[in-house]
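Just the heavy atoms: all of them, side chains too, but no hydrogens, waters or symmetry mates, feed the values below.
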Amino acid sequence: MGNVILIGFMGCGKTTVGLRLSYRLRQAVIDTDKEIEREEKRTIADIFAAEGESFFRELETACLRKLSGNVRNQIISAGGGLPLRAENRALLHEIGQVIYLRAEAETIYERLKNDTTRPLLQGVDPEGKIRKLLGERDQYYAEAADVIIDVDGKTFEQILCEIEQHVG
């Protein structure tokens with residue numbers, strides 16, 4: 001079995017699904033956001049505040065380049081904006097099988113409405129921001145994906161079983 005890469009909008013469940021999947025498949029899990037924070041020795045919110053989004057997107061690409069060819073049989077949970085760049089989408093395909101965990105804006109809002117750690121959701125009308133960003137990003141997620149799994153209204157067990165059907 002090769003690498004399994006989870007992509008999708010923030011709050012769709014990538015981190016939790018990644019951890020649970022790693023136990024089931026007995027594979028290590030890598031979270032690109034956590035890798036970047038470890039390398040930079042600061043939080044993503046701090047990186048956004050100090051350097052801006054485009055700098056952070058460069059860090060994501062650098063992280064993927066590092067993973068490409070260096071990881072085998074691992075679960076990779078990718079940051080929500082990582083698939084936006086064409087270069088990143090190509091790198092994702094090189095690294096492993098890409099699974100898009102697709103969620104509706106309402107689901108994401110309910111999960112994130114009290115989360116103050118997401119730089120892109122701060123300010124007025126976070127639900128409207130989610131709708132707008134999701135609308136802009138969906139095509140990139142779909143383009144990057146080998147498999148699309150709708151997660152709305154599903155338990156983690158159901159999601160994991162669907163993933164296993166595609167990666168087994």
Within a strict 4.5 Å, meaning less than it, do heavy atoms of the [X] and [Y] side chains meet?
X	Y	value
K66	E39	yes
S77	T32	no
H93	D146	yes
R20	T16	yes
E136	K132	yes
T61	R85	yes

Can you tell me how far the [atom1] atom of [X] sits from the [atom2] atom of [Y], to the nearest 0.5 Å?
X	Y	atom1	atom2	result
I95	N3	CD1	CG	7.5 Å
F56	C63	CZ	SG	9.0 Å
R89	I7	CZ	CD1	9.5 Å
T15	L19	OG1	CG	7.0 Å
I99	I159	CD1	CD1	11.5 Å

Charged N to carboxylate O below 4.0 Å: is that the case for [X] and [Y]?
X	Y	answer
E127	K113	no
R42	E37	no
E60	R65	no
E106	R131	yes

(request) Looking only at non-hydrogen atoms, find the nearest pair between K14 and F9 and report the distance. (result)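 So the minimum-distance heavy-atom pair works out to NZ-O, 3.2 Å.
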(request) Search all heavy atoms of R24 against all heavy atoms of E157 and return the closest pair with its distance. (result)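 Shortest heavy-atom contact: NH1-OE1, 2.8 Å.
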(request) Please say which of I75, V147, L6, L25 ends up in a side chain to side chain contact (heavy atoms under 4.5 Å, CB included) with I163. (result)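 Answer to the side chain to side chain contact (heavy atoms under 4.5 Å, CB included) test with I163 among I75, V147, L6, L25: L6.
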Using atom types as modelled and distance alone, determine if a side-chain donor or acceptor of [X] lies under 3.5 Å from a backbone N or O of [Y].
X	Y	answer
D152	A103	no
Q158	T155	yes
Y141	G80	yes

(message) Applying a strict under-4.5 Å side-chain criterion to I, L, V, M, F, W and Y, I'd like to know whether V29 and V167 cluster together.
(response)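 Yes; tracing contacts between hydrophobic side chains, which count when under 4.5 Å, links both residues.
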(message) Is it the case that the side chains of Y100 and D138 hold a donor-acceptor pair, with the cut-off being a distance below 3.5 Å and no angle test?
(response)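 A donor-acceptor contact under 3.5 Å links the two side chains.
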